[in-house]
Chemist: 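Take this structure, written in structure tokens, and hold onto it; I'll ask about it next.
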Amino acid sequence: MDKLIIYQLLPRLFGNAQIRNKVNGSIEENGVGKLNNISDKALQEIKAMSFTHVWYTGVIEHATMTDYTANGIANDDPDIVKGRAGSPYAIKDYYDVAPDLAVDVNNRIAEYEALIQRTHNNGLKVIMDLVPNHVARTYASDVKPADVRDFGQDDDKSKAFDPRNDFYYIPGQSFVVPSGYNPGGDEFQSPLKDGRFDENPAKATGNDVFSARPSINDWFETMKLNYGVDYMNGRYGHFDPIPPLWNKIYDILDFWSKKGIDGYRCDMVEMVPTEFWAWVIPKLKAAYPGTIFIGEAYDKNKYGDYISRGGFDYLYDKVGLYDAIRRLTRNDYGASTWEINNVWNTHCHGIDQHMLRFMENHDEQRIASRYFAGDAWLAVPGMIVTATMNTGPVMIYSGQEVGEPALGNQGFSGDDGRTSIFDYCGVPEHQKWLNNGAFDGANLSESQQNLRGFYQKLLLSVKNNEALSNGLFYELMMANEHQPGFDQLLYIYLRYTAEQRVLVIANFNRTERAIIVKLPDDLLNKLNISGKTAFTDLLSGVKFNTVDIRNGVQVKVLASGGLLLAF
């Protein structure tokens, strides 16, 4: 399979040209991006960056404080909604599209279908969310197919746990909204904003809180779905017969796959039993061959299980590569590129090609924010490693390529270095590229245009160079650790096929480095290379030469820079 290069975007943010960004602003005040804003021109520009897939985040209808009763959609109680726009991960109807994203609300599913078709017509594939662990407390499908039973519709609510139930219950107790929550801020008024929500008996909360009184720090806006695991009795699994929920989730995947979805990014997969994934993924792939499954996972001890038994194509590499590269990028005390060695050598050993690499996504802080690096250019060495270390996917988050710093407080999300997924807001640096829908980058600074150029060259190199997209990996740290100029902020490796070779050197130092990089004799013999050799940097075109490759090649690497030396 060719290497996946994924562009993550939230339609709510991507096409929004409104620049007001009032804290806790309404949809009218702060604006919202629409599915229709993702035009052919936008998709052509994404394609020109060498992306292969677009992950449209937050498309499915979720709970919101915005009133759509005029369109026949029941209001959600704001006491159990996070942010004016609401969390895209508190799904209200799995068979529907968020009304915020539609130009014509009554035509919202058709507008999404048109976007899927438009994406395909521009040579890109579509990934969307599956949020399998929890749903909004107001979940109720009003557009589900006639033969579909809704979540909880047939539950025996007198039982805390029953494998035939879709939810977990706290019998005899009513749900209590966390105290101190002020939905939408002081300005937001609603007759439903009263600190109460009628749910009796209370249902367990999404982050495994089996209490009628979740805290304000819990996922109190969600209810946990029941895959047959009895959490009250040692997490014993009741999987035979198959719990009804399993088929309901399959039907949802089947519904969207019929519309042309090419892959699913599955939220918090470790909160759902592996047995379910081992059942649902092969079943869906049998019906829709080529569908990809990406799992958001954080327990490296379970990676192998979710890939070999669960059937996932790819898993997040957050606690390994992301964390190591973040420390290096920030110049944290004790950060070392030997941590990168530890990633492929230990917890990703044998499964490295299944790991999805990134430096930003909607959950993580922006590189350019003061909480991360404070300067988007400091990500250059980290992005080089992230994109070129293996054949697994690389992902870029919309706005990353122009150095969006996510400044300020948008409302529910606060000022935390993340672009809010809860509030209506614009993304200021991205909007300079958006240019009111022209998607031409006319308002970007020279530095931003150059940064975008770096990302484009990097991804183009990955896409067009067989060594980087499909080649083998050979780390050169041991071969160079005693070379003059080497230190623990350099990372060096080779990617190669029979036809192509790329020497990768990433310099996390804040100063320039000069080093003679050596390739060990066994590697040179395997590659059948000797004598005079010329190297060309795929990113800058700069050339380096050596009279005898067995003596190594002398290079200079810019501060917080890197080289992709094809030879």
Side-chain angles (χ1 to χ4, degrees), residues 300 317 319-350 352 355 357 359 378-390 467-468 471-496 501-531 533 535 537-539 542 544-567:
K300 51 196 179 195
D317 191 1
V319 297
L321 193 70
Y322 170 91
D323 284 353
I325 283 180
R326 180 183 165 106
R327 283 192 286 274
L328 286 158
T329 305
R330 286 168 47 88
N331 203 22
D332 284 350
Y333 178 76
S336 164
T337 51
W338 291 106
E339 289 182 61
I340 303 174
N341 169 283
N342 191 42
V343 171
W344 66 265
N345 217 1
T346 54
H347 62 258
C348 292
H349 187 67
D352 210 65
M355 304 311 290
R357 267 71 194 245
M359 281 188 74
L378 292 173
V380 167
M383 264 322 301
I384 288 172
V385 175
T386 297
T388 69
M389 201 167 101
N390 209 297
L468 295 176
L472 297 170
F473 168 87
Y474 190 109
E475 196 190 70
L476 293 163
M477 296 291 281
M478 306 268 290
N480 287 280
E481 62 180 324
H482 301 301
Q483 288 292 93
F486 179 87
D487 66 25
Q488 295 193 40
L489 298 181
L490 287 171
Y491 194 62
I492 310 168
Y493 54 95
L494 185 75
R495 295 292 310 283
Y496 66 98
R501 298 166 293 276
V502 178
L503 174 61
V504 183
I505 309 162
N507 177 23
F508 290 93
N509 287 284
R510 302 285 175 96
T511 51
E512 186 176 273
R513 278 293 182 272
I515 182 173
I516 297 173
V517 176
K518 298 205 71 167
L519 281 64
D521 289 345
D522 69 309
L523 179 61
L524 291 172
N525 293 338
K526 187 193 287 189
L527 299 174
N528 197 23
I529 295 176
S530 60
T533 311
F535 297 79
D537 180 26
L538 297 173
L539 298 173
V542 170
F544 298 91
N545 293 284
T546 179
V547 175
D548 186 352
I549 186 69
R550 292 194 185 272
N551 295 330
V553 56
Q554 181 151 13
V555 298
K556 275 190 177 169
V557 199
L558 294 176
S560 299
L563 300 168
L564 295 178
L565 298 179
F567 66 102

Chemist: Taking side-chain contact (heavy atoms from CB on, under 4.5 Å) as the definition, give me every residue that meets it alongside D522, ordered by chain and number, with sequence neighbours left out.
Modeler: Y474, P520
Chemist: Run the side-chain contact (heavy atoms from CB on, under 4.5 Å) test against K300 and tell me which residues pass, sequence neighbours left out.
Modeler: Y303, V319, H347
Chemist: Under the rule for side-chain contact (heavy atoms from CB on, under 4.5 Å), what residues qualify as partners of T388, not counting sequence neighbours?
Modeler: I384, L458, V462, L468, Y493, V504, L564
Chemist: Measure the CD1-CD1 distance between I340 and I492 for me, rounded to the nearest 0.5 Å.
Modeler: 11.0 Å
Chemist: Are W338 and N345 packed together at the side-chain level, in the sense that at least one heavy-atom pair is separated by less than 4.5 angstrom?
Modeler: no
Chemist: Decide yes or no on side chain to side chain contact (heavy atoms under 4.5 Å, CB included) for N390 and W344, but give the supporting numbers first.
Modeler: CA-CA 9 Å; N390 209 297; W344 66 265; over 6 Å; no
Chemist: Ignoring hydrogens, what is the shortest heavy-atom contact between A506 and V385? Give both atom names and the distance.
Modeler: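 Looking at all heavy atoms of both residues, the shortest contact is CB-CG2, 3.7 Å.
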Chemist: May I ask you to check if R501 and F567 form a cation-pi contact, with NZ or CZ under 6.0 angstrom from the six-membered ring centre and within 45° of the axis?
Modeler: yes
Chemist: Would you say that C348 contacts V343 through its side chain, given a criterion of any heavy-atom pair below 4.5 Å between the two side chains?
Modeler: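 C348 reaches V343 side chain to side chain.
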Chemist: Could you list the residues that satisfy salt bridge (Lys or Arg N to Asp or Glu O under 4.0 Å) with D487, not counting sequence neighbours?
Modeler: R513
Chemist: Using atom types as modelled and distance alone, determine if a side-chain donor or acceptor of T546 lies under 3.5 Å from a backbone N or O of G552.
Modeler: yes
Chemist: Answer whether the closest heavy-atom distance between the side chains of K518 and F486 falls below 4.5 Å.
Modeler: no
Chemist: Rounded to the nearest 0.5 Å, what separates atom CD1 in I325 from atom OG1 in T386?
Modeler: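 Output value for this atom pair is 3.5 Å.
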Chemist: According to salt bridge (Lys or Arg N to Asp or Glu O under 4.0 Å), who are the partners of E475, at least two apart in sequence or on a separate chain?
Modeler: none
Chemist: Please answer whether the main-chain N or O of A335 pairs with a side-chain N or O of R327 as donor and acceptor at a distance below 3.5 Å.
Modeler: no
Chemist: In Å, rounded to the nearest 0.5 Å, how long is the span from CE of M477 to CD of Q488?
Modeler: 7.5 Å
Chemist: Testing the basics here: between T337 and L489, what is the closest heavy-atom pair and its distance to 0.1 Å?
Modeler: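 Here T337 and L489 meet closest at CG2-C, 3.8 Å.
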Chemist: List the residues meeting side chain to side chain donor-acceptor pair (under 3.5 Å) with K556, not counting sequence neighbours, and say none if there are none.
Modeler: none
Chemist: What pairs with R330 under side chain to side chain donor-acceptor pair (under 3.5 Å), at least two apart in sequence or on another chain?
Modeler: D332
Chemist: Under 4.5 Å between any side-chain heavy atoms of L494 and L527, yes or no?
Modeler: yes
Chemist: Closest approach of L378 and S560, non-hydrogen atoms and distance?
Modeler: CD2-OG, 3.4 Å
Chemist: Below 4.5 Å, heavy atoms only, C-beta onward: do N507 and P381 meet side chain to side chain?
Modeler: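 Side-chain contact under 4.5 Å: no.
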Chemist: Run the side chain to side chain donor-acceptor pair (under 3.5 Å) test against N525 and tell me which residues pass, sequence neighbours left out.
Modeler: R550
Chemist: Does R326 reach the side chain of Y322, with side-chain heavy atoms less than 4.5 Å apart?
Modeler: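 They are in side-chain contact.
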Chemist: Which residues pass the salt bridge (Lys or Arg N to Asp or Glu O under 4.0 Å) test with R357, not counting sequence neighbours?
Modeler: D317, D352
Chemist: Going by side-chain contact (heavy atoms from CB on, under 4.5 Å), name the residues that satisfy it together with V555, two or more places apart in sequence or in a different chain.
Modeler: I505, I515, V517, F544, V553, V557, L563, L565
Chemist: Report the residues that fulfil salt bridge (Lys or Arg N to Asp or Glu O under 4.0 Å) with D537, sequence neighbours left out, ordered by chain and then residue number.
Modeler: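 Per chain and number, D537 pairs via salt bridge (Lys or Arg N to Asp or Glu O under 4.0 Å) with no residue.
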Chemist: I need the minimum non-hydrogen distance between A467 and R495, along with the two atoms involved.
Modeler: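 Looks like O-NH2, 3.2 Å.
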Chemist: Do L539 and V380 come close enough that some side-chain heavy atom pair is under 4.5 Å?
Modeler: no
Chemist: Please enumerate all residues that pass side chain to side chain donor-acceptor pair (under 3.5 Å) together with D548, with sequence neighbours excluded.
Modeler: none
